[in-house]
Number of protein chains: 4
Amino acid sequence: MSFSMIRGNMESTLATRRRNEILEAALKVFSEKGYHAAKIEDIASELNMGHGTFYRYFENKLDIFNQVVEEIVSMITQLVTDINPHEAETLEDYRRQLEMIGDRLFGLFKSNPSISRVIFYEAFGIEDRGLRERIQEVFDLIGRYIELYLENGIARGYMRADLHVRETALAIGGALFEACKRVVSSSDPEQDLSVWKETIITLIIQGVKKG
Amino acid sequence: MSFSMIRGNMESTLATRRRNEILEAALKVFSEKGYHAAKIEDIASELNMGHGTFYRYFENKLDIFNQVVEEIVSMITQLVTDINPHEAETLEDYRRQLEMIGDRLFGLFKSNPSISRVIFYEAFGIEDRGLRERIQEVFDLIGRYIELYLENGIARGYMRADLHVRETALAIGGALFEACKRVVSSSDPEQDLSVWKETIITLIIQGVKKG
Amino acid sequence: MSFSMIRGNMESTLATRRRNEILEAALKVFSEKGYHAAKIEDIASELNMGHGTFYRYFENKLDIFNQVVEEIVSMITQLVTDINPHEAETLEDYRRQLEMIGDRLFGLFKSNPSISRVIFYEAFGIEDRGLRERIQEVFDLIGRYIELYLENGIARGYMRADLHVRETALAIGGALFEACKRVVSSSDPEQDLSVWKETIITLIIQGVKKG
Amino acid sequence: MSFSMIRGNMESTLATRRRNEILEAALKVFSEKGYHAAKIEDIASELNMGHGTFYRYFENKLDIFNQVVEEIVSMITQLVTDINPHEAETLEDYRRQLEMIGDRLFGLFKSNPSISRVIFYEAFGIEDRGLRERIQEVFDLIGRYIELYLENGIARGYMRADLHVRETALAIGGALFEACKRVVSSSDPEQDLSVWKETIITLIIQGVKKG
DNA sequence: AATGAATGAGCTTTCATTCAT
DNA sequence: CATGAATGAAAGCTCATTCAT
């Protein structure tokens with residue numbers, strides 16, 4: 001699955017197609033080698049392309065990495081904001097929403113495992129304030145959405161009113177991302193996905209306590 | 001708090017003391033600039049030391065980063081393995097253990113904030129299989145310890161027997177690390193720490209469900 | 001004033017017209033940015049023309065610079081050779097000739113200030129023996145013409161017979177070019193031009209000595 | 001003759017000696033190849049030195065060129081400001097001063113012909129405002145000194161009071177530099193120098209007019 | 001004829017590492 | 001042991017030139 005497909009980009013001049021190819025190749029190379037070890041040459045030869053060509057489409061190495069991250073960020077954002085946090089009227093509804101999000105996030109990462117490697121690992125090694133902030137933003141966004149779910153649950157009366165919503169949301173986010181990482185690198189992702197979904201959802205809803 | 005102090009290293013020839021100073025300086029520099037932006041020169045001048053001297057104590061740049069990470073890993077390991085997972089006889093005991101771990105982990109990261117920056121962020125940007133695995137190991141170790149707590153809880157009968165212990169443990173780990181990151185970078189760490197402890201513990205034990 | 005106008009080029013196929021446009025644009029760009037900083041792309045976009053087109057009219061970058069210089073050289077040559085050094089029968093005639101040359105040279109440089117910037121400054125930065133020699137030639141040509149004036153003056157008896165004509169001619173050339181540079185870059189060229197003409201002519205004819 | 005000798009630099013740590021060697025080599029290379037064609041590698045191999053070493057002593061290519069120019073500028077400045085324009089009481093004194101300046105300027109350029117090539121030719125091809133201004137400054141300085149001579153001559157009564165001193169000074173400067181260029185590149189410099197001195201001085205003092 | 005996408009030689013610059021002092 | 005001058009591999013980036021369309 002390519003960036004352009006996911007974005008539903010229908011217009012595809014030769015130039016934009018080329019651009020997307022390079023973006024795709026860069027994602028692959030960055031995820032395999034990491035930002036610093038990746039050479040522009042590597043990206044270019046991935047496409048049997050002269051490395052000078054790269055610079056017709058992107059300013060420089062940091063520029064393309066930013067854009068790769070931007071693509072990923074916008075995919076995740078779309079995926080997260082797509083579900084209405086206020087819809088869930090019961091705990092059961094909520095559980096279904098959680099499952100849906102898990103499926104989607106995992107679907108995204110599985111469609112192109114490079115995405116998870118870049119967003120969860122490689123992106124942290126770059127000393128660029130803007131980039132760091134952009135990545136923080138997406139994690140924060142997810143956090144804020146989880147907050148909305150919790151607030152909705154509290155308002156509807158099926159969640160405890162004394163929750164620290166922000167912290168609880170971030171904690172759930174942490175657990176969620178751990179699940180994503182593990183499932184993506186699993187040897188039996190389908191099986192693991194279902195176990196993880198059950199685990200996360202149960203943990204969130206009931207905790208570990210008996211009864 | 002220095003590495004050597006934490007490790008309780010009593011023997012301190014001139015050479016080992018120097019080594020520890022360099023390790024300390026390297027931790028600082030790596031955490032401030034990141035692995036790639038950090039120059040050997042930076043580490044050396046932190047100690048008003050010729051940068052050639054560096055190579056009398058460490059093989060090369062990757063070597064010292066590995067050792068910095070190793071120090072951190074062993075601190076965390078010690079801290080985690082220090083508590084006996086089988087001691088907690090009741091849910092209340094367990095809650096106390098969780099609090100203790102939270103305090104300790106946070107104490108470690110707060111004593112030297114560079115530690116958290118390196119272990120949570122900088123360490124990911126390096127393309128070195130051995131290093132990656134070493135870091136994964138420490139997260140896995142923590143996961144395994146949390147597993148032991150869960151198994152103990154199940155055996156003692158105060159936790160649900162149908163938990164996927166491994167996955168639940170990793171999920172808890174994910175939430176825990178998120179908490180650590182947030183508290184460390186908080187503007188009011190003490191206040192936040194107590195909120196986070198309550199949040200995490202409540203989430204783990206009861207989940208979000210009302211009642 | 002364009003190159004073609006000055007050369008009085010009447011035949012103008014589409015191709016030669018295009019060629020002249022490019023030459024014109026190149027003069028502008030070279031004078032603004034200097035040879036090395038000027039990109040073929042810059043010249044092309046000056047004409048809203050694809051930069052590939054450039055190579056239909058000129059061999060390469062050095063080629064067009066040479067031709068730009070050639071145009072300038074031939075303008076100056078024409079201007080200088082246009083006056084007959086043997087016409088001046090008296091010192092007064094000579095003074096009038098000098099004035100005329102000053103007016104013309106300055107007129108040329110003022111009609112297109114790029115010309116002076118290229119010939120006096122940019123042309124020196126290029127490492128191309130042929131080009132250097134071509135430029136030297138035009139300065140030498142002017143020198144030789146000034147020689148002819150001097151020889152004529154000596155023959156007619158109104159100049160000192162013991163002049164080192166070659167060196168005196170070159171010295172006068174040096175003073176003349178300095179005047180050109182200063183007038184061209186002056187904030188009040190008309191005023192400066194008349195002062196400079198008087199200065200140069202007086203210096204040449206009488207020197208600085210009183211009486 | 002080296003930069004350091006001329007500057008009378010007595011202190012010569014290993015570092016400053018190295019620096020001067022590089023400056024010297026750079027002067028040679030820049031004068032032979034021109035700024036743009038000169039590679040850092042060329043300067044380095046001139047000294048059988050790794051090209052990385054260059055960067056221990058100079059920021060970058062433009063930096064060293066600036067410093068080469070700065071050395072030249074300060075030599076010329078020293079040489080020019082060394083003679084007191086108010087000393088000449090008679091035209092004969094003035095003539096002797098002119099001769100002295102000619103000898104010195106020529107002596108400088110002859111001691112290291114690269115100097116004249118850099119200051120008269122190569123320095124013009126660089127697109128760097130600061131550099132251009134610095135070079136203009138030295139030419140202007142010489143102009144201002146010549147002005148002082150003229151003003152002194154007028155005050156003493158041996159020069160015409162109606163001279164445009166500034167313009168006359170610059171014109172003389174133009175002639176003077178032309179002489180320098182020619183003598184430096186002459187095949188018989190000694191002979192040419194004496195002819196040129198006589199020519200310039202005669203031209204300045206008497207002009208070309210008979211009687 | 002006109003175009004501009006593609007190319008890669010060629011440059012500058014950095015910095016981990018070495019080693020003579 | 002300590003030093004820091006020297007090194008050169010290695011990478012990013014530019015832009016004149018080519019050539020398929």
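Remember, predicted model here, so these are calculated numbers, not experimental data. The chains referred to below are lettered A, B, ... by the order of the sequence lines, with proteins before strands, and numbering in each begins at 1.
Minimum interatomic distance between C/I119 and C/F124 (heavy atoms only, all atoms of both residues): O-CE1, 3.6 Å.
Nucleotide F/dT7 holds its P atom 7 Å from the CE atom of D/M49, rounded to whole Å. Atom CZ in A/R19 sits roughly 14 Å away from atom P in E/dA6 (whole-Å rounding). The CG-C1' distance, from A/L14 to E/dT3, rounds to 14 Å in whole Å. Atom CG in D/D42 sits roughly 13 Å away from atom C1' in E/dT12 (whole-Å rounding). In this structure, CD1 of A/I22 is placed 11 Å from C1' of E/dA6, rounded to the nearest angstrom. Between D/L47 atom CG and F/dT7 atom P the separation is 10 Å, expressed in whole Å. Distance CZ (C/R56) to P (E/dG4): 14 Å, rounded to an integer number of Å.
Interatomic distance, CZ of B/F30 versus CD of B/E122, reported as 10.0 Å (0.5 Å rounding).
Pairing partner, E/dG10: F/dC13, with both Watson-Crick or wobble hydrogen-bond distances short of 3.5 Å. In this structure E/dA1 sits in no base pair that meets the Watson-Crick or G-U test at under 3.5 Å. Searching all strands for a Watson-Crick or G-U wobble partner of E/dT21 with both distances below 3.5 Å returns F/dA2. Searching all strands for a Watson-Crick or G-U wobble partner of E/dA16 with both distances below 3.5 Å returns F/dT7.
When each of D/V73, D/D128, D/I72 is checked for a side chain to side chain contact (heavy atoms under 4.5 Å, CB included) with D/R134, only D/V73 meets the rule.
For the pair C/G52 and B/G52, both in contact range of DNA chain E, the more 5′-proximal nearest nucleotide belongs to C/G52. Map D/N48 and B/R18 each onto its nearest nucleotide of DNA chain F; the residue landing nearer the 5' end is B/R18.
Relative to the ring axis of A/F54, A/K61 does not place its NZ or CZ within 45° and under 6.0 Å from the centre.
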Just the table, please: protein N/O against nucleotides 11-13 of chain F N/O, every pair under 3.5 Å.
from	atom 1	to	atom 2	distance (Å)
F/dG12	OP1	A/K61	NZ	3.1
F/dC13	OP2	A/Y55	OH	3.0
F/dC13	OP2	A/K61	N	3.3
F/dC13	N4	A/H51	NE2	2.9

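A donor-acceptor contact shorter than 3.5 Å links the side chain of B/N20 to the backbone of B/T16.
A sub-4.0 Å separation between OP1 or OP2 of E/dT7 and a side-chain N or O of A/T53 is present.
As judged by a 4.0 angstrom heavy-atom cut-off over every strand, A/Y57 is placed among residues touching the sugar-phosphate backbone only.
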Subject >> Working for salt bridge (Lys or Arg N to Asp or Glu O under 4.0 Å), residues D/E127 and D/R132 >> reply: CA-CA 8 Å; D/E127 291 314 309; D/R132 292 223 156 171; 3.5 Å; yes
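Between B/K28 and B/E24 no salt bridge is recorded (no basic side-chain N to carboxylate O distance below 4.0 Å).
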